[in-house]
Amino acid sequence: MRLFITGVGSGLGKALAETALRRGYEVYALSRHLPEELKGKVKFVRCDLRELERVEGCVRSLLEGVDFLDLVILNAGILGEFGDMREVSLYRFREVMDLNVWANKVILDTLVDIKVEQIIGISSGASVNCNRGWNAYSISKASLNCLLKLYAREMENTHIIALAPGLVLTPMLEEVMKQDTDKYPSVRRIIESPKRTPEETAELIFEILPKLKEYESGSYVDVRKM
């Protein structure tokens, strides 16, 4: 079995790669850096996905000779600057959109010549909640949902899902939980809500892969509502 995954440097991406290895996958990883725990265990190409002009070449280099992938997980993403819309510059918005949306478009376009069984794009409840403070992140994940639905209409032989994995104790979520809970009520709800570790979430995602295929390709699915 073969997995192509982005963003394995830490958090959920690292846990997904480790879980895949334990489950017998051959892992192809694209990321800014590779953790020590994964060195020598995965096929890896270093790539900053914000540098859109380099992404296609990175993907082609990593997947040279590969004609079939069982699973693609588009995991790489950034939170961006947390705050009110008017406080965040358009430059910061573009940075988030480049990584969370447009890099994935380049990747999907590059995979056109490879047979892919299943694609999971890591989305977020923020894509539908649009709570105060989440600005560029919410917009980018909503755009990702739409992007994946559009590709599902074209990639008829590939099953595609935008998956919200619930609250995961990653550095990104820890940064959110430092925000002003009075100004941003969603932060208080996050602090008070149950959360999973990256390792627990990765195991859950691999366990539900077959069930996800029961949903129409292109769907947005939240693990908390399955």
Side-chain angles (χ1 to χ4, degrees), residues 3-8 10-17 19-20 49 71-80 82 96-97 99-105 107-108 118-153 155 158-177 179 184-226:
L3 164 68
F4 168 75
I5 181 171
T6 62
V8 299
S10 64
L12 181 57
K14 177 174 174 284
L16 285 165
T19 301
L49 296 177
L71 179 62
V72 169
I73 301 180
L74 303 173
N75 167 75
I78 55 174
L79 173 65
F82 202 92
V96 175
M97 292 295 290
L99 178 54
N100 292 3
V101 184
W102 304 130
N104 289 318
K105 181 190 184 313
I107 290 169
L108 292 169
Q118 189 172 14
I119 295 174
I120 305 296
I122 299 300
S123 184
S124 170
S127 69
V128 294
N129 295 332
C130 298
N131 288 313
R132 183 178 182 180
W134 291 84
N135 56 68
Y137 186 76
S138 283
I139 292 171
S140 70
K141 290 301 184 178
S143 298
L144 177 64
N145 295 352
C146 185
L147 181 85
L148 294 173
K149 180 171 284 191
L150 288 165
Y151 273 98
R153 303 290 187 261
M155 301 172 70
T158 300
H159 192 266
I160 302 176
I161 289 291
L163 182 67
L167 296 177
V168 188
L169 283 169
T170 62
M172 181 187 296
L173 192 68
E174 290 170 359
E175 182 63 29
V176 169
M177 291 190 291
Q179 305 301 319
Y184 307 112
S186 65
V187 175
R188 183 183 302 279
R189 292 195 294 272
I190 288 172
I191 293 171
E192 296 173 349
S193 297
K195 292 166 277 290
R196 293 187 179 92
T197 65
E199 293 73 22
E200 291 170 337
T201 305
E203 287 289 348
L204 174 62
I205 288 173
F206 275 93
E207 286 172 9
I208 65 174
L209 286 178
K211 186 171 180 58
L212 289 176
K213 289 187 177 180
E214 298 175 8
Y215 292 84
E216 180 182 359
S217 185
S219 296
Y220 164 79
V221 178
D222 190 322
V223 297
R224 293 165 291 189
K225 297 179 180 180
M226 290 182 67

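This one's a predicted model, so the numbers in the text were calculated from it and none came from an experiment.
- Residue Gln179 holds its CD atom at 10.0 Å from CD1 of Ile191, rounded to the nearest 0.5 Å.
- Here the shortest heavy-atom pairing between Asn75 and Gly13 reads ND2-CA, 3.2 Å.
- Under a 3.5 Å cut-off, the side chain of Lys195 and the backbone N or O of Thr170 do not form any donor-acceptor pair.
- In this structure, Tyr137 and Leu79 approach most closely via the heavy-atom pair CB-O, 3.5 Å.
- Side chain of His159 to main chain of Glu214: no donor-acceptor pair is present (N/O by atom type, distance under 3.5 Å, no hydrogens or angles).
- A 4.5 Å side-chain heavy-atom check between Thr201 and Val223 finds every atom pair outside the cut-off.
- Around atom CD of Glu200, more than 12 heavy atoms belonging to other residues, nucleotides or ligands sit under 6.0 Å away.
- At least one side-chain heavy atom of Leu144 sits under 4.5 Å from a side-chain heavy atom of Leu147.
- At distances below 3.5 Å, at least one donor-acceptor pair connects side-chain atoms of Asp222 with backbone N or O atoms of Arg224.
- You'll find the side chain of Leu71 reaches within 4.5 Å of the side chain of Gln118, heavy atoms only.
- Taking both residues in full, the closest heavy atoms of Gly80 and Val96 are given as CA-CG2, 3.5 Å, listed atom of the first, atom of the second, then distance.
- Using a 4.5 Å heavy-atom threshold, the side chains of Pro194 and Leu167 count as separate.
- Remark: of the listed residues Ser127, Ser186, Ser124, Ser186 is the sole one forming a side chain to side chain donor-acceptor pair (under 3.5 Å) with Trp134.
- Counting heavy atoms from C-beta outward, Leu148 and Leu108 have side chains that approach closer than 4.5 Å.
- Taking both residues in full, the closest heavy atoms of Arg196 and Pro165 are given as NH1-O, 4.2 Å, listed atom of the first, atom of the second, then distance.
- Taken to the nearest 0.5 Å, the CD1 atom of Ile5 stands 7.0 Å off from the CG atom of Leu12.
- Looking only at side-chain heavy atoms (C-beta outward), Met226 and Tyr215 come within less than 4.5 Å of each other.
- When the salt bridge (Lys or Arg N to Asp or Glu O under 4.0 Å) test is applied to Glu175, the partners found at least two apart in sequence or on another chain are Lys178.
- Listed here is the closest heavy atom pair of Ala126 and Ser138: O-OG, 2.9 Å.
- In this structure, the separation between CG on Leu16 and CD on Glu199 is 10.0 Å, given to the nearest 0.5 Å.
- In this structure, the separation between CG on Leu209 and CD1 on Ile73 is 6.5 Å, given to the nearest 0.5 Å.
- Taking 4.5 Å as the limit, every side-chain heavy atom of Tyr151 sits out of range of all side-chain heavy atoms of Ile119.
- We find the CG-CD1 distance between Leu212 and Ile161 to be 6.0 Å, quoted to the nearest 0.5 Å.
- Across Gly77 and Met172, no two heavy atoms sit closer than the pair O-CE, 3.8 Å.
- Interatomic distance, Ser217 OG to Lys149 NZ, rounded to the nearest 0.5 Å: 10.5 Å.
- Asn135 contributes a side-chain N or O that, together with a main-chain N or O of Gly133, makes up a donor-acceptor pair within less than 3.5 Å.
- Using a distance-only test at 3.5 Å, with no hydrogens or angles considered, a donor-acceptor pair links the side chain of Asn100 to the main chain of Ile78.
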